[in-house]
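Each chain gets a letter, A, B and so on, in the order the sequences are listed, and its residues count up from 1. As the structure is a computational prediction, the values presented were derived from the model and not from experiment.
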Number of protein chains: 2
Amino acid sequence: MVSDGRRTPNIRDVAREAGVSYQTVSRVLNDSPAIRPATREQVLRVIDELGYRPNPAARALVTSRSGIIGVLSSQSALYGPTTSIQAIEVAARAAGYRLSVTSISTSDSESIRAGLDFLLGQSIEALVVLAPQVGVFDALSAMSIGVPFVTLEAPGLDPGRSISVDQTRGARLAVRHLVELGHTEIVHLAGPSDWLEAQARLEGYRSELAEAGLRPLAPVVGDWTAEFGYRAGCDLLAARDFTAVFCGNDQMALGFLHACRDAGVDVPRELSVVGFDDTPESAHFAPALTTVRQNFVEIGNRAIALLLAELGGESTLDSDPIAPELIVRASTGPARS
Amino acid sequence: MVSDGRRTPNIRDVAREAGVSYQTVSRVLNDSPAIRPATREQVLRVIDELGYRPNPAARALVTSRSGIIGVLSSQSALYGPTTSIQAIEVAARAAGYRLSVTSISTSDSESIRAGLDFLLGQSIEALVVLAPQVGVFDALSAMSIGVPFVTLEAPGLDPGRSISVDQTRGARLAVRHLVELGHTEIVHLAGPSDWLEAQARLEGYRSELAEAGLRPLAPVVGDWTAEFGYRAGCDLLAARDFTAVFCGNDQMALGFLHACRDAGVDVPRELSVVGFDDTPESAHFAPALTTVRQNFVEIGNRAIALLLAELGGESTLDSDPIAPELIVRASTGPARS
DNA sequence: ATTCATCTTCGAACCGGTTCGACTACTTTA
DNA sequence: TAAAGTAGTCGAACCGGTTCGAAGATGAAT
């Protein structure tokens with residue numbers, strides 16, 4: 001890597017060194033066919049020798065393609081979004097795109113707008129929204145995005161623009177499992193009410209119970225954290241008028257299990273607990289958690305596939321929703337009659 | 001937002017519409033002082049009216065500042081790195097930078113090089129490396145980076161270029177706690193041996209035991225997962241020749257606790273268990289986990305602060321290492337004599 | 001009224017690529 | 001042997017900003 005003159009080499013430096021015109025170098029870079037093999041060899045050698053890297057800004061300027069896909073994510077270290085983003089990154093990179101991720105800490109429209117502005121100001125070519133609060137989508141439809149976009153884990157909203165596991169179905173699987181075990185009084189520890197996933201799971205909980213002819217109990221609205229699950233559990237177990245709990249995610253289930261231990265309630269003998277997500281840890285909870293598995297990697301992959309199709313001008317394929325899967329472990333058992 | 005002609009408006013469109021020259025618009029954008037307030041108002045109004053956004057590629061081209069900070073991360077949804085990256089993103093955004101994150105799935109030099117190439121090809125202005133395997137740093141020093149960079153959670157390597165919690169100290173805190181409880185036979189469930197954090201914790205484990213005049217046992221090398229912790233636990237508990245376990249992270253501790261339940265071993269009565277990281281869930285393990293807290297947000301913030309200082313030409317300040325904190329919970333207790 | 005300083009605006013060059021029409025030299029065909 | 005075709009290369013214009021020296025306007029000083 002030579003650094004004569006203190007300037008990073010540009011395409012003209014390469015051309016001069018290789019004894020060709022700079023357009024020829026450009027041809028080599030974009031592997032145009034009309035280049036004599038010997039010339040290409042020569043140019044490539046000089047490129048390597050000089051440590052030349054094409055300037056992405058210059059390229060973006062003239063092609064008006066930034067190669068950037070924006071990701072708007074809610075600020076959290078939750079397992080699901082994190083896993084999806086990673087899958088997105090891998091898929092995007094494979095397609096020659098890079099990611100620009102920004103996270104919003106609150107879901108008020110001001111901060112959403114700021115996050116979106118930040119991304120749009122980078123001339124992103126497409127957008128993935130991973131912030132599944134209702135407010136986000138209101139803000140989204142208020143601003144004209146101007147690029148293809150897809151929302152993740154926002155079930156029931158804007159079909160065709162949203163990729164998600166069928167949350168309602170997942171919730172129904174969980175509840176049905178409990179019903180089949182003979183439970184009739186099933187509490188739901190829900191996620192934040194402005195999260196679409198939480199809404200869909202609550203909906204699934206209600207409709208499955210209705211179908212079984214059972215009455216839903218008032219949902220306890222939480223914040224996805226184990227800490228909340230614990231405190232809610234302590235409260236609920238004081239007046240124990242239920243035999244099963246369907247938790248909105250695995251973390252809350254963990255907290256709830258903790259509360260059960262504190263209260264001396266035996267799971268699953270006296271109480272059945274179900275989670276949601278199947279985090280890698282849930283198999284090792286005490287007891288191992290029955291939960292609903294979501295394929296977060298698949299979500300990410302499909303998101304990029306859809307965007308790439310749209311960027312390529314293809315019609316957006318409406319694929320089947322991703323099916324969740326019930327994973328039965330030790331935290332659920334038959335209701336005691 | 002007007003869209004006449006099907007082209008996004010550029011600075012000249014704004015100038016024409018506002019009745020000024022395009023250089024004046026540029027002045028307004030970079031809030032140069034030499035602009036009459038009335039002119040500024042007028043220009044800003046037109047900008048808003050046209051929905052004009054400056055083209056970052058054009059700007060980057062002429063200023064030769066991309067505004068991008070690259071992040072090279074190892075592919076995982078681990079709590080620590082995820083949290084740090086988020087802190088980095090927030091801090092970078094506040095400073096007017098954006099992030100380009102890429103993750104490498106394996107730590108062989110080929111894939112490291114590819115990841116690094118991918119980032120350097122985006123003319124990043126600075127680099128954060130969050131892939132604390134030894135191989136990464138070998139590859140790093142082999143390639144000339146050409147931009148300021150900082151490595152995270154890579155203790156003991158390249159001081160001044162690395163931000164991390166003092167892992168060795170954290171491990172010593174954990175082990176000292178066990179020693180003070182009277183434990184003499186302490187097993188270490190280590191992280192992968194090519195991870196610098198794992199090495200540092202192992203080192204801390206050994207030196208603290210040495211100082212206490214105790215002999216270290218052969219470490220069990222794992223992969224950070226709960227699943228591994230479980231399997232290792234099952235093996236270890238078969239021939240139970242120890243009274244305490246120091247786990248390299250909370251997930252492995254969780255798996256180990258699971259194994260203890262399976263084996264009918266009472267924690268902390270018969271066995272003490274310590275984790276590392278203090279994930280938000282660890283307070284709700286069964287039993288609540290004694291662990292070592294790391295401030296991942298602080299790590300991210302410091303990383304950006306250091307890079308910004310360097311980008312601004314300031315000398316790199318060598319700050320004190322971040323101190324870890326022992327969080328004592330229910331999983332540790334006195335050794336039975 | 002003229003000169004000069006100051007404030008504000010303008011013109012032109014440049015950043016580092018891509019692209020398209022034109023040019024050259026060498027084959028092929030009649 | 002002249003005309004036509006073709007592979008390979010080149011020149012110039014352009015993308016959308018920033019920057020710097022120069023110019024126009026305005027008002028104060030002489």
Q | Nearest to side-chain heavy atoms of A/V62, which nucleotide of C/dC15, C/dT18, D/dT18 | A |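 Between C/dC15, C/dT18, D/dT18, the one nearest the side chain of A/V62 would be C/dT18.
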Q. Side chain of A/N55: nearest nucleotide among C/dT18, C/dG16, D/dT9?
A.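 Within the option list, the nearest is C/dG16.
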Rounded to whole Å, please give me the gap between [atom1] in [X] and [atom2] in [N].
{"X": "B/R27", "N": "C/dT8", "atom1": "CZ", "atom2": "C1'", "answer": "8 Å"}
{"X": "A/Q23", "N": "C/dT24", "atom1": "CD", "atom2": "P", "answer": "16 Å"}
{"X": "A/R16", "N": "C/dG16", "atom1": "CZ", "atom2": "C1'", "answer": "13 Å"}
{"X": "A/R65", "N": "C/dT19", "atom1": "CZ", "atom2": "P", "answer": "10 Å"}
{"X": "B/D31", "N": "C/dT8", "atom1": "CG", "atom2": "P", "answer": "15 Å"}
{"X": "B/R40", "N": "C/dT8", "atom1": "CZ", "atom2": "P", "answer": "10 Å"}
{"X": "B/I11", "N": "D/dT18", "atom1": "CD1", "atom2": "P", "answer": "5 Å"}
{"X": "B/Y22", "N": "C/dC14", "atom1": "OH", "atom2": "P", "answer": "13 Å"}

**Q.** Base D/dG16 paired with B/R59 side chain (donor-acceptor, <3.5 Å)
**A.**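 Counting by modelled atom types and ignoring angles, no donor-acceptor contact under 3.5 Å is found here.
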Q | Polar pair under 3.5 Å, donor/acceptor by atom type, side chain A/R12, base C/dG17 | A | yes
Q: Tell me, please, whether B/F118 has A/R93 positioned over its six-membered ring: NZ or CZ under 6.0 Å from the ring centre and within 45 degrees of its axis?
A: yes
When you compare the side chain of [Y] with that of [X], does any pair of heavy atoms fall below 4.5 Å?
{"X": "B/S73", "Y": "B/I85", "answer": "yes"}
{"X": "B/V43", "Y": "B/I35", "answer": "no"}
{"X": "B/I68", "Y": "B/Y97", "answer": "no"}

Phosphate OP1/OP2 of [N]: any [X] side-chain N/O under 4.0 Å:
{"X": "A/N10", "N": "C/dG16", "answer": "yes"}
{"X": "A/Y52", "N": "C/dG17", "answer": "yes"}
{"X": "B/S21", "N": "C/dG11", "answer": "no"}
{"X": "B/T24", "N": "C/dT9", "answer": "no"}
{"X": "B/R36", "N": "C/dT8", "answer": "no"}

Q. Would you find more than 12 non-hydrogen atoms of other residues, nucleotides or ligands less than 6.0 Å from A/R113 atom CZ?
A.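 No.
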**Q.** Nearest-nucleotide comparison on DNA chain C, the residue closer to the 5′ end among B/A58 and B/G19
**A.** B/G19
Q.
Using a heavy-atom cut-off of 4.0 Å across all strands, would you classify A/T39 as base, sugar-phosphate, or nothing?
A. sugar-phosphate
